[in-house]
Amino acid sequence: ASTTSNAQALGIDNVVVTAVGAAPLITLSTNSIADFGSVQVSSSSAEAFYTVEGSDLTDTLHLSVPAPFEISLSSGSGFGNSLYLLPSLGFVANTTIYARFSPTSNGFVSDSISHTSAGATTKKVGLSGTGSSCSAPNITAGGPTTFCLGDSVLLTADPGVSYLWSNGETTPSIYAKITDNYTVAVT
């Protein structure tokens, strides 16, 4: 008697298993800090703060901000334009970041703190503030300040955000048409 076998054999060889980890992630407690308001030139605002953390990071978490804004890991000291947070086993624990505004000139400024790490989506925290000066602004005359009836002279104040002239005008420049003592408040 003869028997026929239809048995099939299956062999597996050279199996490669690749584990794919989660993508690096930066998490912020906010995407903007309230406006620092009007801050005297050559001084610093009160501090504001937020938190940052990172997971599955493969590289340092770098924070950077352009002047006149500054950041620190400590309240009251250590302020600068850059911070580096080193991950431990891919993680940066929830970390408080202090920010302040230190204007060097008059005017409104808006920018952001950038948070970067290799492979992670860059995250930003928006900042704004207005530099102001308590010193008297300069007024520049655009011609002779002595003139005939019917003539005028253009008076221009130092750059600023808002203006209030002694005659009630609210523009950066005014035409003086009458004899008077002109002053301006610039913020």
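The structure displayed is predicted, hence computed values, not measured ones.
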Donor-acceptor contacts under 3.5 Å from residues 54-70 side chains, at least two apart:
from: H62; atom 1: NE2; to: S82; atom 2: OG; distance (Å): 2.7
from: H62; atom 1: NE2; to: Y84; atom 2: OH; distance (Å): 3.4
from: E70; atom 1: OE1; to: R100; atom 2: NE; distance (Å): 2.7
from: E70; atom 1: OE1; to: R100; atom 2: NH2; distance (Å): 3.1
from: E70; atom 1: OE1; to: S102; atom 2: OG; distance (Å): 2.9

**Item:** Atom pair OG/CZ of S44 and F101 - distance to nearest 0.5 Å
**Value:** 9.5 Å
**Asked** Any side-chain heavy-atom pair from N167 and D180 closer than 4.5 angstrom?
**Response** no
**Asked** What ring pair (Phe, Tyr, Trp, His ring centres under 6.0 Å) pairs are there with at least one residue in residues 148-187, not counting sequence neighbours?
**Response** none
**Prompt:** Are I178 and I174 joined in one hydrophobic group, where the rule is that I, L, V, M, F, W and Y side chains link up if heavy atoms are under 4.5 Å apart?
**Reply:** yes
**Request:** With sequence neighbours excluded, tell me which residues meet side chain to side chain donor-acceptor pair (under 3.5 Å) with S75.
**Result:** E47
**Message:** Go through it in stages, so that I can follow the logic: the residues are T96 and L73, the test is side chain to side chain contact (heavy atoms under 4.5 Å, CB included), and I'd like the CA-CA distance, side-chain angles, deciding distance and then a yes or no.
**Reply:** CA-CA 7 Å; T96 300; L73 292 172; over 6 Å; no
**Request:** Please name all residues satisfying ring pair (Phe, Tyr, Trp, His ring centres under 6.0 Å) with Y50, sequence neighbours left out, ordered by chain then number.
**Result:** H115
**Message:** Treating S112 as the side-chain partner and G126 as the backbone partner, does any N or O pair qualify as donor plus acceptor under 3.5 Å?
**Reply:** no
**Prompt:** Side-chain contact, heavy-atom cut-off 4.5 Å: L164 with V186?
**Reply:** no
**Item:** Whether S166 side chain and T183 backbone form a donor-acceptor pair below 3.5 Å
**Value:** yes
**Asked** Going by heavy atoms in the side chains, are V92 and L85 under 4.5 Å from each other?
**Response** yes
Please table the atom pairs, donor to acceptor, closer than 3.5 Å between any side-chain atom in residues 145-162 and protein atoms at least two apart or in another chain.
from: T156; atom 1: OG1; to: S173; atom 2: OG; distance (Å): 2.9
from: D158; atom 1: OD2; to: N138; atom 2: N; distance (Å): 2.8
from: S162; atom 1: OG; to: T187; atom 2: OG1; distance (Å): 2.4

**Working for side chain to side chain contact (heavy atoms under 4.5 Å, CB included), residues N81 and I71** = CA-CA 6 Å; N81 300 107; I71 52 178; over 6 Å; no
**Complete:** Value for CD (Q40) from OG1 (T130), rounded to nearest 0.5 Å, stands at 13.0 Å
**Prompt:** When hydrophobic residues are tied together by side-chain contacts of less than 4.5 Å, even through go-betweens, does V41 share a cluster with V109?
**Reply:** no
What side-chain donor-acceptor pairs closer than 3.5 Å can you find for residues 21-39, not counting sequence neighbours?
from: S29; atom 1: OG; to: T51; atom 2: N; distance (Å): 2.9
from: S29; atom 1: OG; to: T51; atom 2: OG1; distance (Å): 3.4
from: T30; atom 1: OG1; to: S32; atom 2: N; distance (Å): 3.3
from: T30; atom 1: OG1; to: S32; atom 2: O; distance (Å): 2.8
from: D35; atom 1: OD1; to: S128; atom 2: OG; distance (Å): 2.5
from: D35; atom 1: OD2; to: G37; atom 2: N; distance (Å): 2.6
from: S38; atom 1: OG; to: S132; atom 2: OG; distance (Å): 2.9

**Asked** Distance from S72 atom OG to F79 atom CZ, nearest 0.5 Å?
**Response** 4.5 Å
